[in-house]
There are 2 protein chains.
Amino acid sequence: MPEFLELLPPGEALKVLLGALPHRKPPVEGLDIGAAVDRVIAQDIHSPDALPPFDRSTVDGYAVRAADTFGASETLPAYLRQVGEVPMGAKPEFDLLPGETGLIHTGGMLPAGADAVLMLENSQVARPGEIEVLRSVAQNENVLHAGEDVAVGELILAGGTRLRPAEIGGLSALGITRVDVACKPRVGILSSGDEVVPPDVRPQYGQIRDVNSYSLAALVTRRGGMPDMRGIIPDQAAAFETHLRKALQECDLVVMTAGSSASTRDLTAQTIQQMGAPGVLVHGVNVKPGKPTILGVCDGKPVIGLPGNPVSAMVIAGLFVSPVIDHLLGLQSNRPEATVSARLSINLASQAGREDFVPVRLVQTDQGMVADPIFYKSNLIFSLARADGLVHIPADATGLPVNASVDVRLI
Amino acid sequence: MPEFLELLPPGEALKVLLGALPHRKPPVEGLDIGAAVDRVIAQDIHSPDALPPFDRSTVDGYAVRAADTFGASETLPAYLRQVGEVPMGAKPEFDLLPGETGLIHTGGMLPAGADAVLMLENSQVARPGEIEVLRSVAQNENVLHAGEDVAVGELILAGGTRLRPAEIGGLSALGITRVDVACKPRVGILSSGDEVVPPDVRPQYGQIRDVNSYSLAALVTRRGGMPDMRGIIPDQAAAFETHLRKALQECDLVVMTAGSSASTRDLTAQTIQQMGAPGVLVHGVNVKPGKPTILGVCDGKPVIGLPGNPVSAMVIAGLFVSPVIDHLLGLQSNRPEATVSARLSINLASQAGREDFVPVRLVQTDQGMVADPIFYKSNLIFSLARADGLVHIPADATGLPVNASVDVRLI
């Protein structure tokens, strides 16, 4: 199962992969809103109540009938009789008749008859029980009407939205303290390579410790998945088959981090091909680093074969594993990706027709933020730890010149 | 305790607050690296081993003595005797003498005597046991030397670094499976306001459900703190004192989310002032929204009084609560903040001398990303849920014109 001759660009390859996945609703779990930040809500949520539930003052001042203040000014004040004070957290014990007013605090409930609030600084106490109105107020001025924020039955959150602090606060305001969210997809991580040993084992000559399973598990956790590290498989067809079959049964997505040699990569592709239809969809992507990437779907379950090079593995995980987790979570509205704007410190060459992702260090200078590319030999593990982010060179560019303005994706 | 007459800009106010905090090392807990992503490591970590631990091939090919290939070309190949194959994950069972070569895979260990690797595509089998070298290779070509990635004893992670997936992978490569990280600072959240009821209570007329405690707890969780929601306090001096004193004893940071009226704000400031030296440091910040912010330190513990308006509360929490959590975690190197570049859809006015943060919705258009400001009345709860991020208008600007290029901070 060699690499395909026509290498797809990464965006196309992702479309092929997502297009071959079933559109199932993810399984759902109920959570207290206090534990639900960054989780994806499973269904549309409509407001059970109006918000605010009553007409509220937005300032400290006097509740008035606006018509009573028309024409009032500092030189020609209007006079109103103060009939009470609105207590915080309770219904006013008085209604306003023409010529009357009542003291009200920010957030207080407007008494019946009132249709505006005069700010404290635009009033003056004339004598006990009477105030001077030094300014005219319009109807509805300084008032938040019942239902003005949210109406009863209004769609407040669409299914597939990731909950941020602002949404959590909104839910609590409506008394919604539990929500149904998508379960975290289980992401099986299979390592291979006869030279690879677990990190708690002292490597013998010729052996190295597993790197990609751990960095990948961290990436999965960050993205909202549940990593399931399934150990290191010997480089044999039978072992690959047994472990991949079990992983496909127990996980929602399987990621195979191959050893570095071409033979394990081929074994990965062959095994995926045998596990279920349609099998391998993409073998080789037109991207650097990460060309020897394998994307497949076996009977509805996605399988991703990552390159062995640690930098490639993380770049490819960002390009394919993260969006598949989003898909499995039922995420609908991905907000735009935030980046850091910087200027390139040197010329970067790139092959036309291929997309490149170059690790860079960000340096704050007097002339603004500078992106300084990190050059790394294949299989250097700490190259990414030394970087702040990645610069993307699009396929139609043959590189980027020094001082080019770039958007750095933080890693 | 009225607001100070001179309002500090938010950056200055933060400096005053952080400057008054003690520089204590945070308490530490040990964690498996699988659970440590986004945590802040407590001490410098030096490498116990060299990485890679032995000279490795970075390609599939033939291990050679470079001098044996000098001058070789397709028209005039050199001939080498193949004396073996390097197994993956084990020490080669042969040394290379002049005129000899051995098959090696990517990641394989170089045999003694070899100092370069000839790529497979630059070789040809001449007859069994002999290969043709079609290209000269330089010394060290396609070889990763022992210690080239990391030397023994090298500082690989400075204390105060937040662990990303790349760092987790690096640690696993070195066999470091447990790390000491800063404990999550406990952030006490005290709500007040006689009109405020918990979200699971049906509000009576005049009452509203608590919003800010929940959104704030979510923000604290996201930033790496441990929220501790301590309920809603009645608007009375004695209650404020009792609850704040207990919170200061049990928490590393206390945030008070006041009700919306000026009287609760004053009560908050008075109570902080009495709780320990130096007390209130900042009362009122030159920012919109969020002017009525209170910052204090009581006997080494930070206290932040947030405005009652839900939008203000979240803006101010981002400006002050988040950096204080970073401080308590001992975070040393804050990476630059990622933003979304966009163009403003309308003119935005702002008062010179004051910093503004305007909620915006991001809209992808044919002309690129557009930031569309959301106008909101005071105390509208869902304004932020409808926004993607905030646009910052600096103090020296009197606004931003339509089409201005802005960096949107996602919320």
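All chains are named by letter (A, B, ...) in the order of the sequence lines, taking the proteins before the strands, and each is independently numbered beginning at 1. Everything numeric here is computed off the predicted structure, so don't read it as measured data.
- When each of P87(A), G169(A), A338(A) is checked for heavy-atom pairs under 4.5 Å with chain B, A338(A) comes out on top.
- With a 4.5 angstrom heavy-atom cutoff, R335(A) touches chain B only via side-chain atoms.
- In this structure, chain B has a heavy atom under 4.5 Å from the side chain of M369(A), while its backbone stays farther away.
- Using a 4.5 Å cut-off between heavy atoms, L174(A) contacts chain B through both its backbone and its side chain.
- Of the two parts of I411(A), the backbone and the side chain both hold a non-hydrogen atom closer than 4.5 Å to a non-hydrogen atom of chain B.
- In terms of modelled atom types and a separation under 3.5 Å, the side chain of R209(B) and the main chain of S172(A) share no donor-acceptor contact.
- K91(B) and E195(A) are not joined by a salt bridge, as no carboxylate oxygen comes within less than 4.0 angstrom of a charged side-chain nitrogen.
- For chain B, the nearby part of D49(A) is the side chain; its heavy atoms alone come within less than 4.5 Å.
- If you measure heavy-atom distances from F54(A) to chain B, the contacts under 4.5 Å come from the side chain alone.
- Both the backbone and the side chain of T339(A) have a heavy atom closer than 4.5 Å to some heavy atom of chain B.
- The parts of L219(B) that come within reach of chain A are both its backbone and its side chain, each placing non-hydrogen atoms under 4.5 angstrom from that chain.
- Within the 4.5 angstrom heavy-atom criterion, no atom of Q364(A) approaches chain B.
- The pair D200(A)-R178(B) does not count as a salt bridge, with every side-chain nitrogen at least 4.0 angstrom from each carboxylate oxygen.
- There is no contact between D55(B) and chain A, counting heavy-atom distances below 4.5 Å.
- Heavy atoms closer than 4.5 Å to chain B are found in both the backbone and the side chain of P336(A).
- Within the 4.5 angstrom heavy-atom criterion, no atom of A36(A) approaches chain B.
- Judged by distance alone, with hydrogens and angles left aside, the side-chain atoms of D194(B) form no donor-acceptor pair with the main-chain N or O of G89(A) at under 3.5 Å.
- Contact annotation for V37(A): only side-chain heavy atoms (C-beta onward) come within less than 4.5 Å of a heavy atom of chain B.
- Interface residue L410(A): only side-chain heavy atoms are found under 4.5 Å from chain B.
- One finds the CD1 atom of I381(B) at 11.0 Å from the CD1 atom of I156(A) (value rounded to the nearest 0.5 Å).
- Neither the backbone nor the side chain of A217(A) comes within contact range of chain B; no heavy atoms are under 4.5 Å apart.
- Neither the backbone nor the side chain of V363(B) has a heavy atom closer than 4.5 Å to any heavy atom of chain A.
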